[in-house]
There are 2 protein chains.
Amino acid sequence: MAREPIGIREVARAAGVSTSTVSNVINGRDDKMRAETRSRVLEAIQTLRYTPNTAAQQLKSGHATTIGLIIPSTANPFWGAVAHHVERAARQSGYRVLICNAERDPVEEARYAEMLLASGTQAIILASSPLSFDHFHHLMERGLKLAAFDQRVRDMTGGITCSVSVDQEMGGMLAAQHLLGLGHRRIGVVTGPIKTNSRIGRVNGIRTALSRAGIDLPDSLIWQGGGVIGFGDMEGSELGRVGVRELLSRDEPPTAILTGNDMYALGAYAGARDLGYRVPDDISIVGFDDIVLSEIVQPPLTTIRQPVSAMADTIVRLLIRHIEQPTGTDAESFISVAPQLIVRGSTASPRTVLKSQGVS
Amino acid sequence: MAREPIGIREVARAAGVSTSTVSNVINGRDDKMRAETRSRVLEAIQTLRYTPNTAAQQLKSGHATTIGLIIPSTANPFWGAVAHHVERAARQSGYRVLICNAERDPVEEARYAEMLLASGTQAIILASSPLSFDHFHHLMERGLKLAAFDQRVRDMTGGITCSVSVDQEMGGMLAAQHLLGLGHRRIGVVTGPIKTNSRIGRVNGIRTALSRAGIDLPDSLIWQGGGVIGFGDMEGSELGRVGVRELLSRDEPPTAILTGNDMYALGAYAGARDLGYRVPDDISIVGFDDIVLSEIVQPPLTTIRQPVSAMADTIVRLLIRHIEQPTGTDAESFISVAPQLIVRGSTASPRTVLKSQGVS
DNA sequence: CTATTTTAGTGTTTCGTTACACCAACTGTT
DNA sequence: AACAGTTGGTGTAACGAAACACTAAAATAG
């Protein structure tokens, strides 16, 4: 093993310049030296395989070129896709991404954020869309920038610097309208606890669409799985399964079910099958997210697509702008993009016969 | 925003001691001070909400308490689960985990590793099980420790410090034997490129089991999807779909298919359906990994379970031991655990009728 | 031909923490 | 009372990179 570590000093010696010049080369202050000097330094860097010590850079500058990303789950490929795209976008701007999986637990989230701040991260993208950012307040006071993914923030009063989200209400409306158009009148909802802004938005959208059609959404048709706190999507598919079984066992079961995300929807398939219902003949199911699996399963899932790649690009761009020039901050920092209804095979018109008795 | 950053000095002043003492408190050298002094310092830390600056710690000590984890994909929930468990295990020992998604591209892997090393990481867990570690050699020479997940390494000659893996051959054998036991004689394989040790091991196991039963595994029944390089599991399910369609279109199609992982298997379901085959009536399908979805889909997937949680615990434990006391290193650092056959509904005895013509 | 500006660098201090050498005040021993 | 040993600390010099204040030499102006 090569023992003596290569630092800026070794490079300087090899190139016959001072460490300051090497530093200038690294940081692109090309106007401070001749091209010949610069290339000599570059060559030394190359041959010595020098990489700047980020700890030292960070200690000097006071911050790291790092963005934290706190996601609610690693079991749902949707968040895997989000992480992947955020990471790609950030890297193009020279930033690294630290991915943390907090299972939507505020305590975990705060612990991660604390850790990230201590390691020099200036900004965090939070994807859990909690009702309150209280657990981040004292961190924001210490200068941490917070971006909200998956929920719309209205303005900076809460301390959030920017947000990018699909229009959750619109997503809920698209899904509900699709079912209404097919003739469904009794529609159930299977989701995790409606205690995050994203879920509240979606359910509001559903409710709006239904009420416009003169239909009520009784609480008895909304099934919320998972504990009050500390739940993830880890068992999203399991929850979907249980939820659908419960809804379909009601006195007057729904003819269609809107789920909180595609993993719930896949679980919903299983729950429906458990009771002998066929999708979409006996029950229609709509997902949310449009993960890759959605077009693979049988029947292919009708769902609401989130343009993940574009959303990731946008939030990274906004956040980096805020980091690098914390000037103007208002409008255009709180973005809401349109979701898209993807109609596949899991929805159909309701069967009017056999309305209130299981097929099983 | 509170402006003056709280450092060890502020804590020292508040507690009326020197910075050295605060440092001793932080690092648990309790024998260097009275209990009373210690609690005074602790109190100051609490009230000031002090967190040590990791960059400075790292600069001083020369390394970070951080482990890198390079996974092949974020689209396959299996790797999400691995990341989650590795992260949990590492945190219990006071380490952080940096998750990198390199899509099995050696160039990406090397870039990530370089970055990790520059940021002070001493050790990396590599989960892509490549044939060669050449692209890590110069990094290992610089002191980077490398642990292999998902492939068995025989000894330290390659520079790998430890490895934990399911016994891939045994996994392949279990899967093949299960199919043989059901009466299958013409068995196909759908997998990504067999250019990683894990895949080679699995296919070898399959081949061994078949040849013991006097059955040959012709190349024509092995479908390898994805490009030669730079492929991930991102489209694993898509690849599975295409692969099965191709195998089932052969002159003498297989009656059962072994897939590279559960995502391929889910894609295989779709591919079989595309041609009008029913699973398991017309074609049996076996997965690998046992992700949560496997028992949700219809039919529930017969697969080979990897004990992810235990494997993650083990590799983290081994690796941290190597980091903290780089003494003895041999045996017991290269661990292979037994996979488990989980029989569900995607496998059945072959139909002897209609052998070589599609049902569609 | 001198005065001024520009170019192309250099030397030193600093970031926050920790290791290490040091030391003052006690305790116990003879 | 003198001495050694222990306890409970303190002061300071690093770690590697970068900002800042410099300056020697060259270019340009008058």
Side-chain angles (χ1 to χ4, degrees), chain A residues 3-42 44-45 48-66 94 117-122 142-143, chain B residues 3-42 44-45 48-66 94 117-122 142-143:
Chain A
R3 275 312 75 197
E4 17 81 42
I6 39 264
I8 201 170
R9 267 181 294 270
E10 283 68 32
V11 176
R13 196 177 320 127
V17 295
S18 72
T19 60
S20 309
T21 301
V22 178
S23 173
N24 283 333
V25 170
I26 295 168
N27 294 284
R29 273 177 281 280
D30 297 2
D31 55 324
K32 289 288 175 191
M33 75 214 63
R34 275 176 303 169
E36 190 260 326
T37 310
R38 182 164 163 278
S39 62
R40 216 170 54 220
V41 171
L42 248 26
I45 288 176
L48 291 178
R49 280 211 167 78
Y50 165 72
T51 324
N53 179 317
T54 46
Q57 290 183 313
Q58 181 177 332
L59 176 59
K60 197 73 184 70
S61 67
H63 55 81
T65 52
T66 293
L117 186 61
S119 69
T121 296
Q122 303 179 83
R142 287 209 259 158
Chain B
R3 277 310 75 201
E4 19 81 40
I6 37 262
I8 202 170
R9 266 183 295 270
E10 283 68 33
V11 176
R13 196 177 319 127
V17 295
S18 72
T19 59
S20 310
T21 301
V22 178
S23 173
N24 284 333
V25 170
I26 294 168
N27 295 285
R29 274 176 282 281
D30 296 2
D31 56 323
K32 289 287 174 190
M33 75 216 60
R34 277 175 302 168
E36 190 261 326
T37 310
R38 182 164 164 279
S39 62
R40 216 171 51 223
V41 171
L42 249 27
I45 288 176
L48 291 178
R49 281 212 166 78
Y50 165 72
T51 323
N53 178 317
T54 45
Q57 291 183 313
Q58 181 178 332
L59 176 59
K60 196 71 181 76
S61 66
H63 54 79
T65 52
T66 293
L117 186 61
S119 71
T121 296
Q122 304 179 82
R142 287 208 259 158

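Reminder, nothing fancy here: chain letters follow the sequence lines and each chain counts from 1.
End-to-end axis angle of the helix from C/dC1-D/dG30 to C/dT30-D/dA1, from C1' rotation axes over five pairs per end: 50° (rounded to 10 degrees).
Legend: residues meeting side-chain contact (heavy atoms from CB on, under 4.5 Å) with A/Leu48, ordered by chain and number and at least two apart, are A/Ile6, A/Glu10, A/Val11, A/Ala14. When the side chain to side chain donor-acceptor pair (under 3.5 Å) test is applied to B/Thr51, no partner is found at least two apart in sequence or on another chain. Residues that satisfy the side chain to side chain donor-acceptor pair (under 3.5 Å) test with B/Ser61, not counting sequence neighbours, are absent from this structure. Residues forming a side chain to side chain donor-acceptor pair (under 3.5 Å) with B/Thr54 (at least two apart in sequence, or on another chain): none. Among residues two or more places apart in sequence or in another chain, the side chain to side chain donor-acceptor pair (under 3.5 Å) test is passed with B/Thr66 by B/Arg96. Every residue was checked against the side-chain contact (heavy atoms from CB on, under 4.5 Å) condition with B/Lys60, not counting sequence neighbours, and none meets it.
Of the residues in residues 28-42 of chain B, those lying under 4.0 Å from DNA chain C by heavy-atom distance are B/Arg29. Within residues 54-61 of chain B, the residues having any heavy atom closer than 4.0 Å to DNA chain D are, in order of number, B/Leu59, B/Lys60. Within residues 19-26 of chain B, the residues having any heavy atom under 4.0 Å from DNA chain C are, by residue number, B/Ser20, B/Ser23.
Counting non-hydrogen atoms of neighbouring residues, nucleotides and ligands closer than 6.0 angstrom, the CZ atom of B/Arg49 reaches no more than 12 such neighbours.
Boundaries of the chain A contact region on DNA chain C are C/dA8 to C/dG16, first to last in 5' to 3' order (nucleotide atom under 4.0 Å from a heavy atom). From the 5' end on, the contacts that DNA chain D makes with chain A at under 4.0 Å to a non-hydrogen atom open and close at D/dG16 to D/dA19.
Taking every heavy atom of both residues into account, A/Ala44 and A/Ala15 meet most closely at CB-CB, 4.0 Å. Minimum interatomic distance between A/Ala64 and A/Gln122 (heavy atoms only, all atoms of both residues): O-NE2, 3.6 Å.
B/Thr121 contributes atom OG1, which lies 7.5 Å from atom CD of B/Gln58 (distance to the nearest 0.5 angstrom). Of the inter-residue distances, the one linking A/Ser20 atom OG with A/Ile8 atom CD1 reads 8.0 Å to the nearest 0.5 angstrom. Here B/Asn24 contributes atom CG and B/Arg38 contributes atom CZ; the two are 11.5 Å apart, rounded to the nearest 0.5 Å.
B/Asn53 places a side-chain N or O within donor-acceptor distance of the main-chain N or O of B/Ala55, the cut-off being under 3.5 Å.
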Derivation and outcome, side-chain contact (heavy atoms from CB on, under 4.5 Å), residues B/Arg40 and B/Leu42: CA-CA 5 Å; B/Arg40 216 171 51 223; B/Leu42 249 27; over 6 Å; no
